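Only one structure is covered here, and it is reproduced in the block below.
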Amino acid sequence: MLNISIVLYKTDEQQVINLVNELLQAKCLRRIFLIDNSPVSSETLPRLNRDVRYIFNNANLGYGKAHNIAIRESVYYHTAYHLVINDDIEVKAADIDYLHAYMESHPEVGQIMPKVLYPNGDIQYLAKLLPTPWNVFGRRFLPKWLTRRRNERYELRASGYNKPMNVPYLSGCFMFLRTEAVLQARLFDERYFMYPEDIDLTRTIHRNWLTLFLPSVTIIHNHAQGSYHSLRLLWIHITNMCRYFNKWGWFYDPERKLYNRQAVEYITKKR
């Protein structure tokens, strides 16, 4: 069975309702958790469906900490799988059931992310290597022509994004997780308010499980790239990435070096 959590913050309620109504059609579903970090509680969302649990935090706890509320429920009730999903995702219920069946038949897999597209059909390159400070800050503040080749390697574009890949960093917009693997990784690190918590969790799961990009399923992500349009979000991004590198290492991170080399070697062999 599967639990799903969606963290909300001043979210378009109709967008949430459309997503929830689709997810409710999944045969493997146990419960959907709507974790609301907004300043004002919703009047509509708490009454959606008996399989939807609405939790109003009355505070913006941050992305990972809010999802952990629901993940702990999955752990407590021994729900085998937990899906962390953004409210701006479009996915079919049949694909949720497909991913559930895939996990059931592949016990070595701890996490899956499908192929992610923009609404216009372009690929979002969200299966990545573990970032170096150059990857994070260089591509954000330097001209694209200077960072293009390094960025293409970081985003594993040479793979073509057309075959499964075991990679150490999968985007937090859609994380289909084996609950046992998340528990072993000690859930999301709540020291991050938002942004690098998905890198942190994926690389921790990657130590003992496959963390898989699976292109046989495709979803749509209406990605806003908030830190590119808001100075406040940019500051949050920078601050939390500094916390990430303080934890794992800025320039000396042997695990990063190992996992990135393994991912690049695998892609090179499969081309």
Side-chain angles (χ1 to χ4, degrees), residues 1-71 73-74 79 81-100 112-124 126 170-177 188 193-195 197-198 217-230 232-233 236-237:
M1 295 296 288
L2 170 73
N3 282 340
I4 300 174
S5 58
I6 307 170
V7 170
L8 312 175
Y9 183 75
K10 299 180 180 179
T11 308
D12 179 347
E13 290 196 359
Q14 189 57 53
Q15 176 178 280
V16 176
I17 291 168
N18 293 342
L19 174 59
V20 167
N21 285 338
E22 181 64 31
L23 294 173
L24 285 168
Q25 306 308 310
K27 297 176 182 177
C28 64
L29 179 69
R30 176 179 174 270
R31 179 168 289 174
I32 298 173
F33 293 85
L34 300 179
I35 316 295
D36 198 347
N37 284 344
S38 303
V40 179
S41 176
S42 169
E43 296 182 2
T44 305
L45 299 180
R47 301 192 299 270
L48 275 181
N49 186 284
R50 62 183 178 84
D51 294 323
V52 178
R53 181 179 173 191
Y54 176 81
I55 300 173
F56 177 62
N57 290 322
N58 198 30
N60 191 356
L61 303 183
Y63 187 82
K65 187 173 184 177
H67 275 296
N68 278 349
I69 294 171
I71 294 173
E73 291 267 350
S74 293
T79 307
Y81 307 103
H82 189 100
L83 173 60
V84 167
I85 184 172
N86 276 16
D87 56 38
D88 56 359
I89 292 292
E90 297 175 32
V91 61
K92 298 298 183 184
D95 288 329
I96 300 296
D97 286 322
Y98 174 87
L99 292 173
H100 180 270
I112 291 176
M113 183 191 74
K115 180 183 286 188
V116 184
L117 303 180
Y118 289 104
N120 67 1
D122 290 344
I123 294 175
Q124 294 186 28
L126 301 180
L170 299 172
S171 170
C173 72
F174 189 105
M175 306 175 84
F176 199 112
L177 303 161
F188 281 111
F193 181 73
M194 61 188 296
Y195 290 115
E197 65 281 301
D198 52 354
V217 170
T218 300
I219 64 172
I220 304 298
H221 181 203
N222 297 284
H223 188 30
Q225 289 187 312
S227 67
Y228 281 78
H229 307 289
S230 164
R232 175 179 171 273
L233 291 178
I236 291 172
H237 196 170

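Computed from a prediction, not measured in an experiment: that's the story for all the values here. Along the sequence shown, residues carry numbers from 1.
- To the nearest 0.5 angstrom, Ser5 atom OG is 9.5 Å from Ile85 atom CD1.
- Within the model, atoms CG of Leu2 and CG of Asp97 stand 9.0 Å from one another, a figure rounded to the nearest 0.5 Å.
- The nearest pair of heavy atoms linking Ala66 to Val7 is CB-CG2, 3.6 Å.
- Taking every heavy atom of both residues into account, Val84 and Gly172 meet most closely at CG1-O, 3.9 Å.
- Heavy-atom minimum distance, Leu170 versus Met175: O-CE, 4.4 Å.
- Shown are Leu23, Thr218, Leu99, Ile220; of these, the side-chain contact (heavy atoms from CB on, under 4.5 Å) with Val91 is made only by Leu23.
- Residues satisfying the side-chain contact (heavy atoms from CB on, under 4.5 Å) criterion with Asp87, sequence neighbours excluded, are Ile6, Leu8, Thr11, Gln15, Val16.
- Minimum heavy-atom separation, Tyr54 to Ser42: OH-N, 2.9 Å.
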**Request:** Test Asn18 against Gln14 for side-chain hydrogen bond (donor to acceptor under 3.5 Å, both in side chains), laying out the working first.
**Result:** CA-CA 6 Å; Asn18 293 342; Gln14 189 57 53; 2.9 Å; yes

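- Under the rule for a side-chain hydrogen bond (donor to acceptor under 3.5 Å, both in side chains), the partners of Ser38 that lie at least two apart in sequence or sit in another chain are Asp36.
- Scanning for side-chain hydrogen bond (donor to acceptor under 3.5 Å, both in side chains) contacts around Asn68 gives Glu190, with sequence neighbours left out.
- Residue pairs satisfying the salt bridge (charged side-chain N to carboxylate O under 4.0 Å, His left out) criterion with at least one member in residues 42-61, sequence neighbours excluded, are listed as follows: Arg53-Glu73.
- The side-chain contact (heavy atoms from CB on, under 4.5 Å) search around Ala94 returns none, not counting sequence neighbours.
- Listed by chain and residue number, Ser216 satisfy the side-chain hydrogen bond (donor to acceptor under 3.5 Å, both in side chains) test with Tyr98 (two or more places apart in sequence, or in another chain).
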Got a list of side-chain donor-acceptor pairs under 3.5 Å for residues 27-34, not counting sequence neighbours?
unit_1: Arg30; atom_1: NH1; unit_2: Asn3; atom_2: OD1; d: 3.3

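- Taking the ring-ring contact (aromatic ring centres under 6.0 Å, His included) definition, one finds that Tyr63 meets it with His67, sequence neighbours left out.
- Rounding to the nearest 0.5 Å places OG of Ser74 at 9.5 Å from CG of Leu177.
- Rounding to the nearest 0.5 Å places CD1 of Ile219 at 12.0 Å from NZ of Lys115.
- Side-chain atoms of Ile69 and Leu61, non-hydrogen and from C-beta on, do get closer than 4.5 Å to each other.
- Looking at Met194 and Leu233, their side chains come closer than 4.5 Å, going by heavy atoms from C-beta outward.
- Not one N or O on the side chain of Glu22 forms a donor-acceptor pair closer than 3.5 Å with the backbone of Val20.
- Within a 6.0 Å radius of NZ in Lys92, other residues, nucleotides and ligands contribute 12 heavy atoms or fewer.
- Shown here are the side-chain hydrogen bond (donor to acceptor under 3.5 Å, both in side chains) partners of Asp95, two or more places apart in sequence or in another chain: there are none.
- Residues meeting the side-chain contact (heavy atoms from CB on, under 4.5 Å) test with Ile123, sequence neighbours left out: Leu117, Tyr125, Tyr161.
- In this structure, CD1 in Ile17 is found 6.0 Å from OG1 in Thr44, a value given to the nearest 0.5 Å.
- In this structure, CD1 in Ile55 is found 12.0 Å from OG in Ser41, a value given to the nearest 0.5 Å.
- Contact between Tyr81 and His100 at its shortest, heavy atoms only, is CD1-CD2, 3.5 Å.
- Side chains of Leu45 and Val52 form no contact here, defined as non-hydrogen atoms less than 4.5 Å apart.
- With sequence neighbours left out, Gln124 forms a side-chain contact (heavy atoms from CB on, under 4.5 Å) with Val116, Tyr118, Leu126, His221, His223.
- Listed by first then second residue, pairs satisfying salt bridge (charged side-chain N to carboxylate O under 4.0 Å, His left out) with a partner in residues 3-16 number zero, not counting sequence neighbours.
- Counting all heavy atoms, side chain and backbone alike, Ile89 lies closest to Phe174 at CG2-CD1, 4.4 Å.
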